[in-house]
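What follows is a short report on a single structure.
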Amino acid sequence: MKRIILFMFVLASAGSLAQSVSVNLNIAPPFTPYLADYLGRNQHLTLQLKNNTRETQSLKLLLSFSGDNGVTIRTKPSYMPIRALLLNPGEVKLLTSLAEFRYYLDEDNLDLQGISAQNLRVGGLPEGDYQLCLQAVDYSTGRIVSAGEPIGCSNLIAIRYVEPPTIIYPADNQTISGPRNQPILFTWARAVGVPAGAVYQFRLVELPDTPGLNPNAYVDAAIVPTFEQRTIRQPLLVYNASLPPLKPGKRYALRITATDPQQKVTFLNNGHSVVTTFVYAPD
């Protein structure tokens, strides 16, 4: 009986020790596939650390980002930040940014599973449902002082990729003819998975007569486009006489960009379609 009581006392003491610090984390959308974005996003992230003891806690945090797709990214337990995170007795510290912990996710300080460092850096996280988890450990000894997963974990972070729109008319390198005042019906196709509330940006740019010009680069570089509209809700635009007139014989570049105001999905290529060029040659 004494052994049972002693064993229960040890378990209770261990449980109390493991929760010397409470960690609560919440992340609000929009969700992004790039880890660095979570470290510097003010107001979208709320981290609360509470010292449950009467002693000052000198801490470091272990960060992990785990998905249901086999991807796991963790701070190496051996990593030592430059300085400790201090919590006074009974103190509650509320953070709205993890900017001061950015070095925790440097490539040299990470253990990666299911993804390479290069793919993570260039392409971000693959599609999946993730959780960002934090655990507090003693800065000097490495002893765990907060509860393990799922305590200290965020809400689910859904990463979804959607294809950008595809321009239907005009086709690339097409010549648009017809009466000069005849409206032009520009159309594009929605990709599968685009939310109902998505809006489109229509950007039309006149191209200079320069051989070998990259129209993709010029669309981005043009400070004042021929015409631009940002809040189109249907996949079409009627270009009529009320809009800036197109110049006969000139070549134009067109790009459609999709955005989700509710920020529930992530568009590939930042939502930009492939740039289409055409020549305006009315009768």
Side-chain angles (χ1 to χ4, degrees), residues 10-11 13-27 31-67 70-126 128 130-155 157 159:
V10 170
L11 286 180
S13 299
S16 175
L17 184 64
Q19 298 184 35
S20 299
V21 175
S22 298
V23 179
N24 292 290
L25 177 64
N26 184 71
I27 297 176
F31 302 131
T32 165
Y34 300 101
L35 289 183
D37 292 344
Y38 293 98
L39 299 183
R41 297 170 65 202
N42 291 322
Q43 308 306 322
H44 288 283
L45 180 147
T46 304
L47 170 62
Q48 179 181 287
L49 300 171
K50 180 182 178 184
N51 185 352
N52 298 319
T53 73
R54 298 180 179 179
E55 299 178 353
T56 298
Q57 298 286 334
S58 178
L59 308 171
K60 72 173 182 178
L61 296 178
L62 296 181
L63 284 72
S64 69
F65 215 94
S66 302
V71 173
T72 301
I73 302 164
R74 298 182 184 275
T75 304
K76 292 179 179 178
S78 59
Y79 169 66
M80 291 298 295
I82 298 176
R83 61 179 179 273
L85 174 66
L86 297 179
L87 282 180
N88 296 320
E91 179 183 4
V92 177
K93 185 182 289 290
L94 187 65
L95 302 174
T96 58
S97 170
L98 295 180
E100 63 182 281
F101 305 115
R102 61 188 181 276
Y103 296 113
Y104 282 67
L105 290 177
D106 281 355
E107 290 181 12
D108 294 338
N109 304 325
L110 291 177
D111 286 326
L112 304 179
Q113 180 180 340
I115 190 171
S116 68
Q118 181 178 1
N119 288 342
L120 179 63
R121 185 188 329 114
V122 176
L125 295 164
Y130 295 85
Q131 275 190 307
L132 176 61
C133 300
L134 301 175
Q135 192 166 34
V137 301
D138 185 90
Y139 184 80
S140 301
T141 66
R143 174 172 52 87
I144 297 173
V145 295
S146 69
E149 300 178 10
I151 305 300
C153 294
S154 70
N155 48 295
I157 300 170
I159 302 298

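These values consider heavy atoms only, across backbone and side chains, with no hydrogens, waters or symmetry-generated copies.
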Nearest heavy atoms of S64 and E149, plus distance in Å: OG-OE2, 3.5 Å

Over 12 foreign heavy atoms within 6.0 Å of NZ, K50: no

Note, C133 side chain near L63 side chain (heavy atom, < 4.5 Å): no

Check: K93 side chain, N88 main-chain N or O, donor-acceptor pair, under 3.5 Å: no

Option from V71, T72, I73 for which side-chain contact (heavy atoms from CB on, under 4.5 Å) with L112 holds: I73

Exceeds 12 heavy-atom contacts within 6.0 angstrom, atom CD of E55: no

Shortest non-hydrogen contact from I157 toward I27: CD1-CD1, 3.6 Å

Close side-chain approach of S146 to Q135, heavy-atom, < 4.5 Å: yes

Aromatic ring pairing Y130/F65, orientation class (parallel under 30°, perpendicular over 60°, tilted between): tilted

Contact check, side chains of S22 and Q48, non-hydrogen atoms, under 4.5 Å: no

Check: S58 side chain, A84 main-chain N or O, donor-acceptor pair, under 3.5 Å: no

Rounded distance (nearest 0.5 Å) linking atom CZ of R74 with atom CD of Q113: 8.5 Å

Any side-chain heavy-atom pair of N52 and S20 under 4.5 Å: no

Minimum-distance pair of heavy atoms, taken over all atoms of Y104 and P81: OH-CG, 3.4 Å

Side chain to side chain, Y139 and M80, heavy atoms closer than 4.5 Å: yes

Backbone of S66 reached by a side-chain donor or acceptor of Q131 within 3.5 Å: no

Spatial distance of atom CG (L25) from atom CG (L49) [nearest 0.5 Å]: 9.5 Å

Heavy-atom closest pair, residues L94 and T46: CD1-CG2, 3.6 Å

OG-CG distance between S154 and N24, expressed to the nearest 0.5 angstrom: 11.5 Å

Shortest non-hydrogen separation from L120 to L125 and the atoms involved: CD1-CD2, 3.9 Å

Heavy-atom side-chain proximity of L62 to L134 below 4.5 angstrom: no

Non-hydrogen side-chain atoms of L95 and L45 separated by less than 4.5 Å: no

Heavy-atom closest contact (I115 atom, G124 atom, distance): CD1-O, 3.8 Å

Validation row: N109, K76 side chains within 4.5 angstrom (heavy atoms): no

Passing option when V23 is tested against I151, L59, L47, V145 for side-chain contact (heavy atoms from CB on, under 4.5 Å): L47

